[in-house]
Amino acid sequence: MIASTLSAQDKKQDSYSFNLKEAIDHALQNNYSVINANRDINSAKEKKWETTAAGLPQISGSVGYLKNFDFTLQGVSGNAFNPTGNPNDIALFAFGTRQSMNSGLTLSQLIFDGSYIVALQASKTYLKFYENAKQKTNLEIREMVVNAYGNVLLAEESISILEKNKATLSKTLADTQETYKNGLIEEENVEQLQITLASINSNLSNTKRLLDIANKMLKFSLGIDINAELKLTDKLDNLTVSNLDLALTKNGFEVSNNINYQMASNFQEQRSLELKLQRSKALPSLGAAFNFGYNSFGNDFVFFDSTQKWNKFSNLGVSLNVPIFSSFGRTAKTQQAKIAFEQAKTQLTQTEQQLKLEFERAKSEYDFSIEEYATSKSNLNLAERIEKKQQIKFTEGLSSSFDFSEAQRQLYTAQQNYLQSMVQIINKKATLEKIINKN
């Protein structure tokens, strides 16, 4: 039973079935870039806490052991301890014991530092940057999946149409060959149809190869094995109709909702904090530390004997660091940060104007794709009627093979244009939705 369950799980992992929405949802959880974007956010959260912890109490412990093989000697005047001695002589003394050991704890606390306050603000901006980056990744993956999904459907529909064209043309060619054998038409009519059939066979083989590549590209976007089985449940025509949204281009564009604008705004905030950081370095910093421990001395290693004496020590220290003069080095760094901040402000304005242009272009292209879809659909109907009439005329000997082949080529072109127009609606809408940040 366990083996059967494991086998079923493995089979499930190697087979997938998605409509477009399900494919997007799967990619937003399993795409490789999305996974790493989530890790970036987790790393940024840890970085934020690391910055916060720098201003909280810090405790460290230490244990030290020292063994003196040869003492460091100190020299004093010869009569320093003997008034009757020769003052020109040098007496040598050794201080210390053969062995010593100490242990202690240090508690330190930052009381005030302008740089730390700015760092706390910057850590929030740092986290926001990666959250925005994750959102941008989601939007890009969504567009990528939509395009890849549409390319697979396009290839599938193209293969279906080419196979139908091949079957129809093969039958026409067979009938024409029989007519030629009976001496009722010229050989050129047969050869013309053979040329057209060879072209269809070539396109069909190439489209099948493209379908395989498109399938693997979609699987890669979804974050699944490229050799896994994948079935798409949406149809190209139904998907096209569901993406016809004329109201989408009627609404105004709020540039602040665009993720690129938000990231540019985040970058400006970072530059503002860098300027604030340079200015804060002119402020004093204040810290305190409390030390507590024990030490012990001896000529033998007896530190763990119950009779060994350990001496307690403790102290409290407060340090104040006041920047006074840096030969205008801090001023130069502050000016550099100010220039960088002004550049970020200009880049934000540039991004705003650029996004407005991109919105207008995307809106225009989406409107055009809808118009092109209607035109290509109408042209396909006309091409089908023309080709059918030419086929009847050709069969009855009222039209040449050249006219019939020309009508066929016109039909095949109209078929591909129609399929492309459907995919363009899906893709252009995805591009427009990415700009206006619509999920």
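Bear in mind the structure is a predicted one, so any value in this text is a computation, not a measurement. Atoms considered below: every heavy atom in the structure, side chains included; atoms not considered: hydrogens, waters and symmetry mates. We number each residue from 1, following the sequence as shown.
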Correct closest heavy-atom pair for Ser221 and Asn31 would be O-ND2, 2.6 Å
Using a 3.5 Å distance criterion without hydrogens, assess whether the side chain of Gln262 forms a donor-acceptor pair with backbone atoms of Ser256. yes
Backbone of Ala198 reached by a side-chain donor or acceptor of Ser202 within 3.5 Å: no
Can you find a side-chain donor-acceptor pair between Asn266 and Gln270 that sits under 3.5 Å? yes
Just by distance, with hydrogens left out, do Ser123 and Thr51 show a side-chain donor and acceptor under 3.5 Å apart? no
If you measure from CG on Leu73 to CD1 on Ile90, what distance do you get to the nearest 0.5 Å? 13.0 Å
Hey, is Glu163 close enough to Lys166 for a salt bridge, meaning N to O under 4.0 Å? no
Under the 3.5 angstrom rule, does the side chain of Ser280 hit a backbone N or O of Leu277 as a donor-acceptor pair? yes
Within-4.5 Å side-chain heavy-atom neighbours: Leu380 and Leu411: yes
Distance-only criterion, 3.5 Å: show the donor-acceptor pairs between side-chain atoms of residues 296-306 and protein atoms not counting sequence neighbours.
residue : atom : partner : partner atom : Å
Ser296  : OG   : Gln308  : NE2          : 2.6
Ser296  : OG   : Lys309  : O            : 2.8
Asn299  : OD1  : Arg98   : N            : 3.0

For side-chain contact (heavy atoms from CB on, under 4.5 Å), just list the numbers for Leu169 and Gln408, CA-CA rounded to whole Å, side-chain angles, deciding distance to a tenth of an Å, and then say yes or no. CA-CA 9 Å; Leu169 186 58; Gln408 287 177 317; 3.0 Å; yes
Kindly check if the number of other-residue, nucleotide or ligand heavy atoms within 6.0 Å of OH (Tyr116) is above 12? yes
Value for OG1 (Thr331) from NZ (Lys338), rounded to nearest 0.5 Å, stands at 12.0 Å
Just by distance, do the side chain of Lys428 and the backbone of Tyr366 share a donor-acceptor pair under 3.5 Å? no
Return yes when atom CH2 of Trp49 has more than 12 non-hydrogen atoms of other residues, nucleotides or ligands closer than 6.0 Å, and no otherwise. no
Nearest heavy-atom contact between Tyr373 and Ile425 is CB-CD1, 3.4 Å
Does Phe328, at its CZ atom, have more than 12 non-hydrogen atoms belonging to other residues, nucleotides or ligands within less than 6.0 Å? no
4.5 Å side-chain heavy-atom contact, Ser100 and Asn295: no
Checking side-chain polar atoms at under 3.5 Å, does Asn315 have a donor or acceptor matched by the opposite partner on Asn291? yes
If I take atom OG1 from residue Thr196 and atom OH from residue Tyr412, how far apart are they, to the nearest 0.5 angstrom? 6.5 Å
Decide if atom CE of Met217 counts as having more than 12 heavy atoms of other residues, nucleotides or ligands within a radius under 6.0 Å. no
Is Asn427 close to Glu143 at the side-chain level, that is, under 4.5 Å between some pair of heavy atoms? no
Might you work through the ring pair (Phe, Tyr, Trp, His ring centres under 6.0 Å) test for Phe267 and Phe129, ending with a clear yes or no? CA-CA 8 Å; Phe267 181 72; Phe129 171 80; 8.7 Å; no
Heavy-atom closest pair (Val118 atom, Leu273 atom, distance to 0.1 Å) is CG1-O, 3.4 Å
Under 4.0 Å between a Lys/Arg side-chain N and an Asp/Glu carboxylate O for Glu433 and Arg142? yes
Are a donor atom and an acceptor atom from the side chains of Arg39 and Asn42 found within less than 3.5 Å of each other? no
Could Lys67 and Phe69 be counted as a cation-pi pair, given that NZ or CZ must be under 6.0 Å from the ring centre and within 45° of the axis? yes
Non-hydrogen atoms of Ala94 and Phe71 that approach each other most closely: CB-CB, 3.8 Å
Does the Ser272 side chain pair with the main chain of Gln268, one donor and one acceptor, at a distance under 3.5 Å? no
Tyr261 and Glu352: CA distance, side-chain angles, deciding distance, side-chain contact (heavy atoms from CB on, under 4.5 Å) verdict: CA-CA 6 Å; Tyr261 180 86; Glu352 179 181 1; 4.0 Å; yes
Student check: side-chain heavy atoms of Lys356 and Glu360 closer than 4.5 Å: no
Please check this pair: side chain of Ser62 against backbone of Ser103, looking for a donor-acceptor N/O pair closer than 3.5 Å. no
Basic-acidic side-chain contact under 4.0 Å: Lys363, Asp367: no
Reported CD1-to-CD1 distance for the pair Ile226 and Ile213, which is rounded to 0.5 angstrom: 11.0 Å
Using the rule side-chain contact (heavy atoms from CB on, under 4.5 Å), only one of Gln278, Lys281, Arg279 pairs with Arg330; which is it? Lys281
Side-chain (Ser242) to main-chain (Leu239) donor-acceptor, under 3.5 angstrom: yes
Neighbour count above 12 (heavy atom, 6.0 Å) for Glu229 CD: no
Can you tell if the side chain of Phe359 reaches within under 4.5 Å of the side chain of Asn258, non-hydrogen atoms only? no
Starting from the C-alpha separation in whole Å, work towards a yes-or-no answer on side-chain contact (heavy atoms from CB on, under 4.5 Å) for Ile24 and Val146. CA-CA 8 Å; Ile24 292 173; Val146 170; 3.9 Å; yes
Thr97: partners by side chain to side chain donor-acceptor pair (under 3.5 Å), with sequence neighbours left out: none
Please check if any side-chain donor atom of Lys134 sits under 3.5 Å from a side-chain acceptor atom of Asn138, or the reverse. yes
With a 3.5 Å distance limit and no angle check, can you tell me whether Thr240 reaches the backbone of Leu236 through a side-chain donor-acceptor pair? yes
Can you find a heavy atom in the side chain of Lys45 that is under 4.5 Å from one in the side chain of Tyr130? no
Are any side-chain N or O atoms of Thr125 and backbone N or O atoms of Gln121, one a donor and one an acceptor, separated by less than 3.5 Å? yes
Under 3.5 Å side-chain donor-acceptor pair for Asn165 and Gln415: yes
Okay, side chain of Thr137, backbone of Val34: is any donor-acceptor separation there less than 3.5 Å? no
If you take all heavy atoms of Gly61 and Leu105, which pair is closest and at what distance? CA-CD2, 3.7 Å
Identify the residue among Leu222, Val152, Asp225 that makes a side-chain contact (heavy atoms from CB on, under 4.5 Å) with Leu230. Leu222
For a 4.5 angstrom cut-off between non-hydrogen side-chain atoms, does Leu197 reach Leu193? no
Between the OG1 atom in Thr207 and the CD1 atom in Ile200, the distance rounded to the nearest 0.5 Å is 11.0 Å
Say you draw a straight line from CG of Leu211 to CZ of Arg209; how long is it, rounded to the nearest 0.5 Å? 12.0 Å
Between Tyr16 and His26, what is the ring plane arrangement, given parallel below 30°, perpendicular above 60°, and tilted in between? perpendicular
Ala383 versus Ala414, closest heavy-atom pair with distance: CB-CB, 3.8 Å
CA sep, side-chain torsions, deciding dist, call: Gln135, Asn437, side-chain contact (heavy atoms from CB on, under 4.5 Å): CA-CA 9 Å; Gln135 185 179 354; Asn437 197 14; 2.9 Å; yes
Quick test of your reading of the model: are Asp25 and Lys21 salt-bridged, counting only N-O distances below 4.0 Å? yes
Student check: side-chain heavy atoms of Met422 and Glu157 closer than 4.5 Å: no
